[in-house]
Amino acid sequence: MRYSAQKGTRDILPSEIIAWHKAEETFSRVCHRFGYEEIRIPTFEQTDLFQRGVGDTTDVVQKEMYTFEDKGGRSISLRPEGTAGVVRSFIENGMGSLPSPVRLFYNITAFRYEKMQKGRFREFHQFGLEAFGAQGPDIDAEIISVLRVFFNEMGLKSIKLCINSIGCPTCRKAYNDSLRDYFRPHLEEMCYDCKSRFEKNPLRMIDCKVPECKVIAANAPKLIDHLCDDCKAHFEGLKERLDNIGIEYSIDPNIVRGLDYYTRTVFEFVSENVGSQGTICGGGRYDGLVESMGGTAVPGIGFAMGVERFMLEANSQGVDFGKTDYVKVYLANLSDKASMVINKLAYELRLKGVGCEVDLCQRSFRAQMKYAGKAGIPYVVVIGDDELDKGEVSIKRMSDGTSNTVALSNFVEYCMNEL
Ligand code: HAM
């Protein structure tokens with residue numbers, strides 16, 4: 001029996017890991033620079049949390065959750081995203097009493113039972129952040145700038161920012177009525193889900209993925225044309241702030257986002273290169289979520305970026321992440337006596353923070369050199385009986401063949417300072 005990875009899951013192989021390390025390290029560094037602190041939340045929560053948090057009329061909750069009963073008879077779901085869990089933690093840990101805004105970032109796996117496509121997986125990774133307690137559009141512009149700084153530091157040249165506003169419950173109420181008026185004559189031609197969304201949450205009919213529904217939804221009235229005065233002012237405020245710091249954007253009235261908690265600002269960073277799954281990152285404001293999940297009324301905003309999609313985009317833009325250089329020197333072994341000295345030196349080097357490798361497979365000298373070359377180790381030192389007698393070794397830089405002679409007694413220090 002040969003096993004293969006489950007549909008929708010994939011291994012991240014050592015050849016890719018430098019890119020992942022760089023992205024993780026950069027995201028964390030950029031978030032810290034803006035005052036965000038990392039939070040780690042559990043992989044699973046009680047199912048009800050996502051039904052209430054993400055919304056039980058969304059595709060994510062209705063169709064895509066990995067839900068099971070645990071041995072104690074509880075309904076558990078693997079997190080399909082991070083916001084609901086972070087909000088649960090914010091409330092449960094009393095973070096509402098901390099000075100505002102409370103800024104949190106995360107690096108998580110998420111799980112959605114979706115049809116596989118390029119850039120769409122069943123287990124995937126998200127870098128995300130959430131900020132609680134800031135009402136005005138300054139924070140909206142700030143979290144967008146976190147992403148711009150991140151993309152910039154990762155060497156991405158172009159990713160398009162699209163923004164929209166989907167209003168608040170006040171403007172949504174009047175808008176829902178006009179949506180129902182629009183959809184009513186088409187209802188018979190629409191899918192079963194849309195029929196059930198019609199009364200409960202007609203906004204969800206706009207992002208239905210069924211082709212016939214998509215055609216009908218294309219001409220539906222846009223929320224941005226129905227904003228109340230406060231929401232209009234908030235959106236104008238965001239545009240003004242983005243203009244002020246020089247972040248370019250387009251207004252896309254079709255962004256409604258697939259999760260129920262959003263209010264006012266919504267945005268996406270999209271690419272032309274990642275195929276139909278071109279949204280690399282999505283987010284927005286959720287001013288009613290904390291209260292609806294049992295906390296006090298605190299405004300919130302955040303985003304999540306699909307890391308696999310980010311990697312596809314970075315590769316298609318030709319970003320070079322370089323190679324790992326953890327191992328600096330290979331200690332080639334010419335005799336049994338030398339092997340004891342080499343093992344001691346290697347241990348000391350590693351204690352002092354210098355990466356090195358030694359032969360563990362009884363290779364011939366030639367085979368050891370071939371191995372070091374193939375592994376791309378930048379320096380090689382050969383140690384045999386002659387070197388032990390002289391108390392000197394020669395360190396060769398593989399890129400240009402130049403050598404340096406060093407006393408064995410000084411070898412570890414030399415490697416620490418010079419390699
Ligand atoms: P979302 O738009 O559902 O938002 O997901 C965010 C990003 O995760 C997407 O733009 C996409 O890049 C990636 N993504 C989603 N599903 C998949 C998948 N099946 N395979 C690969 N990548 C995927 C959220 O999750 C919200 N929690 C974002 C947020 C945070 N809003 C406010 N705070």
Side-chain angles (χ1 to χ4, degrees), residues 24-46 48-50 52-55 79-110 125-150 163 165-166 168-169 230-231 234-235 237-238 241-242 245 247 257 259-267 269 281-305 307:
E24 287 165 351
E25 187 273 316
T26 306
F27 185 67
S28 146
R29 178 161 35 80
V30 169
C31 285
H32 283 140
R33 204 180 292 160
F34 282 78
Y36 285 78
E37 288 184 293
E38 184 173 357
I39 183 166
R40 298 193 182 183
I41 49 169
T43 310
F44 59 85
E45 305 267 0
Q46 69 187 77
D48 176 58
L49 177 90
F50 299 116
R52 193 124 70 95
V54 176
R79 59 184 174 214
E81 54 103 61
T83 311
V86 173
V87 169
R88 194 253 324 124
S89 176
F90 175 84
I91 299 168
E92 187 176 351
N93 294 295
M95 290 189 231
S97 62
L98 298 173
S100 290
V102 175
R103 295 184 176 100
L104 305 167
F105 79 90
Y106 49 88
N107 170 5
I108 59 170
T109 46
H125 295 74
Q126 286 188 337
F127 295 161
L129 63 76
E130 314 293 345
F132 301 92
Q135 187 75 63
D138 287 309
I139 191 109
D140 306 29
E142 187 183 272
I143 72 164
I144 287 172
S145 66
V146 169
L147 284 159
R148 270 280 171 247
V149 174
F150 171 76
I163 61 171
S165 173
I166 58 167
C168 65
D230 286 349
C231 290
H234 189 98
F235 195 53
L238 169 62
R241 280 153 182 80
L242 291 175
I245 54 180
I247 290 184
R257 313 278 303 128
L259 315 169
D260 270 354
Y261 43 65
Y262 292 108
T263 51
R264 294 192 168 169
T265 307
V266 285
F267 66 88
F269 278 86
C281 175
R285 188 167 265 287
Y286 46 84
D287 290 341
L289 182 61
V290 177
E291 192 178 13
S292 77
M293 288 178 66
T296 47
V298 177
I301 186 166
F303 66 72
M305 170 169 37
V307 186

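For clarity, every value in this text was computed on a predicted model and none was experimentally measured.
- The side-chain contact (heavy atoms from CB on, under 4.5 Å) search around E24 returns W20, H21, N107, F127, not counting sequence neighbours.
- By the side-chain contact (heavy atoms from CB on, under 4.5 Å) test, D138 is found to be paired with R241, residues two or more places apart in sequence or in another chain being considered.
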Margin query: Run the side chain to side chain contact (heavy atoms under 4.5 Å, CB included) test on F34 and S145 for me, step by step, so that the C-alpha distance in whole Å, both residues' side-chain angles and the decisive distance to 0.1 Å come before the verdict.
Written below: CA-CA 10 Å; F34 282 78; S145 66; 3.5 Å; yes

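- A pairwise comparison of heavy atoms in P169 and T263 identifies CD-CG2, 4.5 Å as the closest pair.
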Next item on the list: Dump the intermediate steps for side chain to side chain contact (heavy atoms under 4.5 Å, CB included) on V298 and V102, then the final yes or no.
Entry: CA-CA 10 Å; V298 177; V102 175; over 6 Å; no

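- For the residue pair A84 and V54, the shortest heavy atom distance occurs at CB-CG2, 4.3 Å.
- Counting heavy atoms from C-beta on, the side chains of E38 and C31 never come closer than 4.5 Å.
- Here the shortest heavy-atom pairing between A297 and E291 reads CB-OE1, 3.6 Å.
- Contact annotation: the side chain of V146 approaches that of V30 to within less than 4.5 Å [non-hydrogen atoms, C-beta and beyond].
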Next item on the list: Take R257 and I166, measure what side chain to side chain contact (heavy atoms under 4.5 Å, CB included) needs, and give me the verdict at the end.
Entry: CA-CA 9 Å; R257 313 278 303 128; I166 58 167; 5.6 Å; no

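- When side chains are defined from C-beta on, C168 does not count as touching D230, because their heavy atoms never get closer than 4.5 Å.
- Residue pairs meeting the salt bridge (Lys or Arg N to Asp or Glu O under 4.0 Å) criterion with at least one partner in residues 82-92, sequence neighbours excluded, are E45-R88, R88-E92.
- With contacts defined as side-chain heavy-atom distances shorter than 4.5 Å, the pair Y261/V87 does not qualify.
- Minimum interatomic distance between I41 and G82 (heavy atoms only, all atoms of both residues): CD1-O, 3.7 Å.
- In this structure, CG in N93 is found 7.0 Å from CD1 in I39, a value given to the nearest 0.5 Å.
- Atom CZ of R148 is separated from atom CD1 of I245 by 10.5 Å, given to the nearest 0.5 angstrom.
- I144 contributes atom CD1, which lies 6.0 Å from atom CZ of F269 (distance to the nearest 0.5 angstrom).
- Residue E37 places its CD atom among 12 or fewer non-hydrogen atoms of other residues, nucleotides or ligands, all under 6.0 Å distant.
- Between I143 and L147 there is no side-chain heavy-atom pair separated by less than 4.5 Å.
- Residue pairs that meet the salt bridge (Lys or Arg N to Asp or Glu O under 4.0 Å) test with at least one member in residues 95-105, sequence neighbours left out, are R103-E142.
- For R79 (side chain) and T109 (main-chain N/O), a donor-acceptor pair under 3.5 Å exists by modelled atom type.
- Under the side-chain contact (heavy atoms from CB on, under 4.5 Å) criterion, S28 pairs with H32, F105, sequence neighbours left out.
- Contact check for R264 versus I301: no side-chain heavy atoms found under the 4.5 Å cut-off.
- The shortest side-chain heavy-atom distance between F132 and I91 does not fall under the 4.5 Å cut-off.
- Panel note: side chain R33, backbone V149; no donor-acceptor pair is recorded below 3.5 Å.
- Once rounded to the nearest 0.5 Å, the distance linking CG of L238 with OG of S165 reads 9.0 Å.
- Shown here for P80 and A110, the closest heavy-atom pair between the two residues is O-CB, 3.7 Å.
- Once rounded to the nearest 0.5 Å, the distance linking CD of Q126 with CZ of F303 reads 10.5 Å.
- Within the 4.5 Å cutoff, no side-chain heavy atoms of F267 are placed close to those of D140.
- For the atom pair CG (L104) and CZ (R40), the distance works out to 13.5 Å, reported to the nearest 0.5 Å.
- Sorted by first and then second residue, the side chain to side chain donor-acceptor pair (under 3.5 Å) pairs with a member in residues 127-136 read T83-E130, Y106-E130, E130-Y286; sequence neighbours excluded.
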